[in-house]
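Values below: all heavy atoms of this structure, side chains included; hydrogens, waters and symmetry mates excluded. If you're wondering where the values come from, they're calculated on a predicted model, not measured in any experiment.
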Amino acid sequence: HTAIRLPGTQAALNALASENIISEAEKQQLIEAYVFLRRVEHMLQIMTNQQLYHLPAQKRARDQLGIRLEIADGEFDIQYKQLTQNTRALFQDLFYKRIDRPVLSKKSFNQALSQDRMPLRELKTWLAPYGFNNLAASFRNLKDIRGSEERSQQAFASVSIGLLEACRDAADPDRALSSLEGLVQAYGQRHAFLRMLGDAPQALRFLTHFLGLGPYFARVLIAAPEWLDLFAKPELIEVPTTASELMAELAPITDEQLFMTRLRRLRTREVLKAGIRHHAGLIDWPTLFEEFSVVADGLVQAAANFVATQ
């Protein structure tokens with residue numbers, strides 16, 4: 001569509017509507033979202049005198065931003081969340097093939113997984129619509145996640161369709177599922193892991209999307225599954241840890257082996273926090289690397305302090 005290859009966002013949206021690729025209502029919704037977010041960006045940069053592209057982590061700062069934008073005190077987060085969720089839903093409808101109902105019911109899905117093998121034609125019927133390319137590997141990964149114990153299988157049944165839908169929406173469904181299987185193995189307590197995801201559907205979706213991004217963060221989380229709480233408790237990632245706070249956490253330790261163990265755990269925790277914050281849209285790429293630098297500075301200085309006291 002050469003007609004929509006235009007330099008301006010609003011001009012491109014108008015062209016999309018003219019070409020009947022999006023409706024007039026969808027065009028208007030996207031233009032309103034674009035204008036609002038550009039106003040937020042510009043006001044944030046005026047307030048901070050910096051080229052920032054992410055919202056403040058502190059709610060009070062976001063409320064002050066809202067007041068500058070003539071939004072009632074305390075209402076900014078509500079408006080921002082509603083607008084971005086509506087825009088995301090429209091994006092999903094426009095660019096993803098949505099499945100109105102599960103290909104299989106939970107019961108038939110879990111009965112299928114009780115088989116050792118499944119013909120390729122059947123695999124295509126109920127796995128291909130969810131975006132999987134390596135159907136045989138995906139079948140094995142699902143069986144491994146489900147496990148052989150009855151209570152694990154029951155816990156899996158409650159999350160099975162939600163898991164497929166989360167994988168479908170991930171950047172790489174095959175990678176997301178394979179990494180999740182590795183995480184289940186690393187966590188060890190399969191039943192507890194599946195129950196935790198069943199109790200927190202949003203955490204299941206966010207975790208699956210996160211694992212589908214690429215191998216680096218997946219490897220980090222698989223190596224340290226104890227930090228899964230970061231996905232289920234948003235308050236743990238809202239504010240980045242400062243270098244001084246990292247140094248303070250390590251300062252009381254006098255045993256060398258314990259110090260190194262704790263240092264590695266903190267490094268893993270902070271890398272995951274920053275990665276999750278970035279995936280959640282709380283920070284941009286430059287800020288992500290800046291937070292990595294702060295973590296490195298804090299840990300290096302803590303190590304230097306430890307050596308100096310020995």
Side-chain angles (χ1 to χ4, degrees), residues 37 40 44 48 50 52-66 74 76-78 80-85 88 162 166 169-171 176 179-180 182-184 186-187 192-193 196-250 262-299 302:
L37 293 174
V40 170
L44 182 62
T48 61
Q50 298 181 53
L52 296 180
Y53 301 98
H54 62 277
L55 294 177
Q58 294 77 20
K59 186 179 186 305
R60 187 58 199 156
R62 297 195 300 274
D63 288 341
Q64 291 172 350
L65 173 63
F76 175 82
D77 280 356
I78 297 173
Y80 179 84
K81 182 177 181 181
Q82 182 178 10
L83 180 140
T84 52
Q85 285 182 339
R88 179 64 181 177
D169 295 337
S179 297
L180 186 65
L183 183 57
V184 170
Y187 193 80
F193 180 89
M196 177 181 65
L197 295 182
D199 292 338
Q202 288 299 111
L204 167 63
R205 179 171 292 276
F206 190 82
L207 172 63
T208 306
H209 290 187
F210 187 78
L211 293 173
L213 292 175
Y216 175 72
F217 285 116
R219 287 198 299 265
V220 172
L221 186 57
I222 289 171
E226 63 270 21
W227 296 121
L228 272 172
D229 274 354
L230 296 175
F231 292 88
K233 300 177 181 178
E235 65 272 14
L236 297 178
I237 66 165
E238 285 183 351
V239 181
T241 309
T242 65
S244 298
E245 289 170 335
L246 289 171
M247 292 163 60
E249 287 192 61
L250 290 166
R262 183 60 178 165
L263 183 145
R264 294 187 187 98
R265 281 176 53 81
L266 289 181
R267 179 192 62 191
T268 299
R269 183 191 72 188
E270 295 307 316
V271 165
L272 283 172
K273 279 179 61 176
I276 295 169
R277 282 161 55 76
H278 177 260
H279 182 49
L282 299 176
I283 58 175
D284 55 14
W285 280 107
T287 307
L288 175 66
F289 294 128
E290 181 181 330
E291 291 190 7
F292 282 167
S293 296
V294 169
V295 172
D297 290 343
L299 297 181

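- Inter-residue side-chain proximity for Asp77 and Leu55 is flagged as unmet; no heavy-atom pair is nearer than 4.5 Å.
- Put simply, CG on Leu246 and CG on Asp297 are 10.0 Å apart, with the number rounded to the nearest 0.5 Å.
- Atom OG1 of residue Thr48 and atom CG of residue Leu65 lie 9.5 Å apart, to the nearest 0.5 angstrom.
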Item to check | Leu83/Leu37 under side-chain contact (heavy atoms from CB on, under 4.5 Å): CA gap, chis, key distance, verdict | outcome: CA-CA 9 Å; Leu83 180 140; Leu37 293 174; 4.1 Å; yes

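- Proximity of Phe231 to Leu204: side-chain heavy atoms (C-beta onward) are nowhere separated by under 4.5 Å.
- For the pair Thr241 and Leu266, the minimum side-chain heavy-atom distance is 4.5 Å or more.
- When side chains are defined from C-beta on, Trp227 does not count as touching Val220, because their heavy atoms never get closer than 4.5 Å.
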Next on the checklist: side-chain contact (heavy atoms from CB on, under 4.5 Å) for Val40 and Phe76? Distances and angles first, verdict last.
Outcome noted: CA-CA 10 Å; Val40 170; Phe76 175 82; 3.9 Å; yes

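- The two residues Lys273 and Val239 come nearest to each other via the heavy atoms NZ-O, 3.4 Å.
- Here the side chains of Leu230 and Leu221 are not in contact, with every heavy-atom distance at 4.5 Å or above.
- Side-chain contact between Leu272 and Ile237 is absent, with no heavy-atom pair separated by less than 4.5 Å.
- Between Arg277 and Glu291, some side-chain heavy-atom pair lies under the 4.5 Å cut-off.
- No donor-acceptor distance shorter than 3.5 angstrom exists from the side chain of Ser179 to the backbone of Ala176, with no hydrogens or angles considered.
- Taken to the nearest 0.5 Å, the OG1 atom of Thr242 stands 9.0 Å off from the CD atom of Glu270.
- Rounding to the nearest 0.5 Å places CG of Leu211 at 10.5 Å from CZ of Phe206.
- Within the model, atoms CG of Leu183 and CG of Leu197 stand 8.5 Å from one another, a figure rounded to the nearest 0.5 Å.
- The line from CZ of Arg267 to CG of Leu299 is 8.0 Å long, rounded to the nearest 0.5 Å.
- Contact of the Ile276 side chain with the Phe217 side chain is not registered, since no non-hydrogen atoms from C-beta on lie closer than 4.5 Å.
- Taking the charged nitrogens against the carboxylate oxygens, Arg262 and Glu249 do have a contact shorter than 4.0 Å, which makes a salt bridge.
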